Q: 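Got a structure for you, written out below as structure tokens; questions coming shortly.
Since the structure is predicted, the reported quantities are computational estimates derived from the model, not experimental observations. Every heavy atom of this structure was used, including side-chain atoms; hydrogens, water molecules and symmetry mates were not.
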Amino acid sequence: MVEQPAPTEVVEVVNDYVSREERYTITSGDCRITWTVFKTAVNAGVVKHQAVCALGLDKQAPLIGKLLEQVGTFHTLMWGRLYPDDAREWTLPARLAVAAGRSESWDAVRGRPKSGEINAWTRKTMEEAKVYQELKSVFEAKGLDIRLAGVEKVLIQQAGKLKFFGDLSAAGVSVADNVPFDCQTWFTVSESGTRLH
């Protein structure tokens, strides 16, 4: 096992006065995670997550924790796609695909829920399968609650065509199963014990 360098002690902060954004960036080796804080009224309280990182989510969690300490109060974490085109790791997409493959409510032949709308099904399944448990732990350690607020643009693919099929196969997903692996994702953030409506 290759030991990863310790995260930089300082979170780099860049203010963009033209776009009215603040970008908080932390780096560990070739892993770089940036949170963009929007300062316009329409997007106040929203943080956008972007990562170029080959580390699994468990190794990214301490870096995310350092960003969380610096950014301050916000109510929405805009994660974006679970598996963007430049993705170097696949913790979240693989967990979603495995959860679908194991679900009795998923039709793996047709690649859709047996009933209901796919966005709602995907959000519910991701919550039930604890797909983003490392994020929950990081936020809970700071006295915050993070919940999956919504997903859209769910992408389906035959499992055998996915780059990470080895991980899916080991979890019992068949090569011909059509499974969800990507979607646009948003989280709500609140103080522990409170719920945002």
Q: Any chain of hydrophobic side-chain contacts (each under 4.5 Å) joining Trp35 to Ile146?
A: yes
Q: Starting from Val37, can I reach Val13 by hopping between I/L/V/M/F/W/Y residues whose side chains sit under 4.5 Å apart?
A: yes
Q: Side chains of Lys59 and Cys31: does their closest heavy-atom pair fall under 4.5 Å?
A: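 Lys59 does not reach Cys31 side chain to side chain.
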Q: With the side chain counted from C-beta on, respond yes when Val52 and Arg88 share a heavy-atom pair under 4.5 Å apart, and no when they do not.
A: yes
Q: Testing the basics here: between Ala94 and Phe164, what is the closest heavy-atom pair and its distance to 0.1 Å?
A: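 Closest pair (atom of Ala94, atom of Phe164, distance): CA-CE1, 3.7 Å.
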Q: Holding to salt bridge (charged side-chain N to carboxylate O under 4.0 Å, His left out), I want the full list of residues that pass it with Lys124, two or more places apart in sequence or in another chain.
A: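 For Lys124 the salt bridge (charged side-chain N to carboxylate O under 4.0 Å, His left out) partners, ignoring immediate neighbours, are Glu128.
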Q: State, with a plain yes or no, whether a side-chain heavy atom of Trp186 is found less than 4.5 Å away from one of Glu152.
A: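 Side chain of Trp186 against side chain of Glu152, heavy atoms only: contact under 4.5 Å found.
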Q: Do we see a donor-acceptor contact under 3.5 Å between the side chains of Glu22 and Tyr24?
A: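 Side chains of Glu22 and Tyr24: pair found under 3.5 Å.
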Q: Thinking salt bridges, do Glu127 and Arg147 make one under a 4.0 Å N-O criterion?
A: no
Q: Any salt bridge between Glu21 and Lys39, counting N to O under 4.0 Å?
A: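 No.
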Q: Go through Arg32 and Thr25 one step at a time and tell me if the side chain to side chain contact (heavy atoms under 4.5 Å, CB included) criterion holds.
A: CA-CA 7 Å; Arg32 183 176 177 90; Thr25 302; 3.5 Å; yes
Q: With a 3.5 Å distance limit and no angle check, can you tell me whether Thr185 reaches the backbone of Val151 through a side-chain donor-acceptor pair?
A: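 No, because the side chain of Thr185 does not come within donor-acceptor range (under 3.5 Å) of the backbone of Val151.
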Q: Do the non-hydrogen side-chain atoms of Thr36 and Val47 ever get within less than 4.5 Å of each other?
A: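 Heavy-atom side-chain distance check fails, nothing below 4.5 Å.
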Q: Examine the side chains of Trp79 and His49 and answer whether a donor and an acceptor come within less than 3.5 Å of each other.
A: no
Q: Let me confirm one number: the CG-CG distance from Leu162 to Asp167, rounded to the nearest 0.5 Å.
A: 10.5 Å
Q: Report yes if the side chains of Phe74 and Phe38 come closer than 4.5 Å at any heavy-atom pair, otherwise no.
A: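 Not in contact.
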Q: Take Leu92 and Met126 through the test side chain to side chain contact (heavy atoms under 4.5 Å, CB included) and record every step on the way to the result.
A: CA-CA 9 Å; Leu92 296 175; Met126 287 175 68; 5.8 Å; no
Q: Once you round to the nearest 0.5 Å, how far does CG of Leu57 lie from CZ of Arg95?
A: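 Output value for this atom pair is 6.0 Å.
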Q: Can any side-chain N or O of Asp107 pair as donor or acceptor with the backbone N or O of Arg110 at less than 3.5 Å?
A: yes
Q: Would Val14 and Ile26 show up in the same hydrophobic cluster when neighbours are defined by side-chain heavy atoms closer than 4.5 Å?
A: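 No; tracing contacts between hydrophobic side chains, which count when under 4.5 Å, never links both residues.
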Q: What closest approach, in Å, do Arg23 and Thr34 show between heavy atoms, and which atom pair accounts for it?
A: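 Closest approach of Arg23 to Thr34, heavy atoms only: CB-CG2, 4.0 Å.
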Q: Within the 4.5 Å heavy-atom criterion, are Gln60 and Glu89 side-chain neighbours or not?
A: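 Yes - at least one pair of side-chain heavy atoms lies under 4.5 Å apart.
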Q: For Trp121 and Ser105, work out which heavy atoms get closest and say how close.
A: NE1-OG, 2.8 Å
Q: May I ask you to say whether Asp182 pairs ionically with Arg81, meaning some side-chain N is under 4.0 Å from a carboxylate O?
A: yes
Q: Quick check on the hydrophobic clustering: are Val189 and Val131 connected, directly or via other members, by side-chain heavy-atom contacts under 4.5 Å?
A: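 Yes; tracing contacts between hydrophobic side chains, which count when under 4.5 Å, links both residues.
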Q: Please check: side-chain N/O of Asp177 versus main-chain N/O of Ser174, any donor-acceptor pairing under 3.5 Å?
A: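 Such a contact is found between Asp177 side chain and Ser174 backbone.
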Q: Is the shortest side-chain heavy-atom distance between Phe181 and Ile156 below 4.5 Å?
A: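 The answer is no; the side chains never approach within 4.5 Å.
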Q: Should the heavy atoms of other residues, nucleotides or ligands under 6.0 Å from NZ of Lys153 be counted, would the total exceed 12?
A: no
Q: Enter the distance from Lys130:NZ to Ser137:OG here, rounded to the nearest 0.5 Å.
A: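 Output value for this atom pair is 10.0 Å.
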Q: Are Val173 and Tyr83 linked, directly or through other ILVMFWY residues, by side chains that come within less than 4.5 angstrom of each other?
A: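 In one cluster: yes.
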Q: Any side-chain heavy atom of Val109 within less than 4.5 Å of one from Asn178?
A: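 In short, these two side chains do not touch, never coming nearer than 4.5 Å.
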Q: Would you check, one step at a time, whether the test salt bridge (charged side-chain N to carboxylate O under 4.0 Å, His left out) holds for Lys66 with Glu12?
A: CA-CA 11 Å; Lys66 286 186 174 287; Glu12 178 188 344; over 6 Å; no
Q: Any chance you could lay out the side chain to side chain contact (heavy atoms under 4.5 Å, CB included) test for Gln50 and Lys48, step after step, and finish with the verdict?
A: CA-CA 7 Å; Gln50 293 174 290; Lys48 180 180 180 182; 4.0 Å; yes
Q: Of all the heavy-atom pairs spanning Thr188 and Ala149, show the shortest one and how long it is.
A: CG2-CB, 3.4 Å
Q: Once rounded to the nearest 0.5 Å, what's the spacing between atom CD of Gln184 and atom CG of Leu155?
A: 9.0 Å
Q: Taking all heavy atoms of Asp145 and all of Lys136, pick out the closest pair and write down the distance.
A: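 In terms of heavy atoms, the two residues are closest at OD1-NZ, 4.3 Å.
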Q: So, do Trp90 and Phe165 have ring centers that fall under 6.0 Å from each other?
A: no
Q: Using 0.5 Å steps for rounding, measure from the CD1 atom of Ile33 to the OG atom of Ser28.
A: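 OG of Ser28 is found 8.5 Å from CD1 of Ile33.
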Q: Write down the atom of Leu82, the atom of Leu96, and the distance for their closest heavy-atom approach.
A: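 Scanning both residues completely, I find the closest heavy atoms to be CD1-CD2, 3.9 Å.
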Q: For the residue pair Thr122 and Asn119, confirm or rule out a side-chain donor-acceptor distance under 3.5 Å.
A: no
Q: Hey, is the main chain of Lys161 close enough, under 3.5 Å, to the side chain of Gln158 for a donor-acceptor pair?
A: no
Q: Atom CG in Leu77, atom CG in Leu144: separation rounded to 0.5 Å?
A: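 Interatomic distance, Leu77 CG to Leu144 CG, rounded to 0.5 Å: 11.5 Å.
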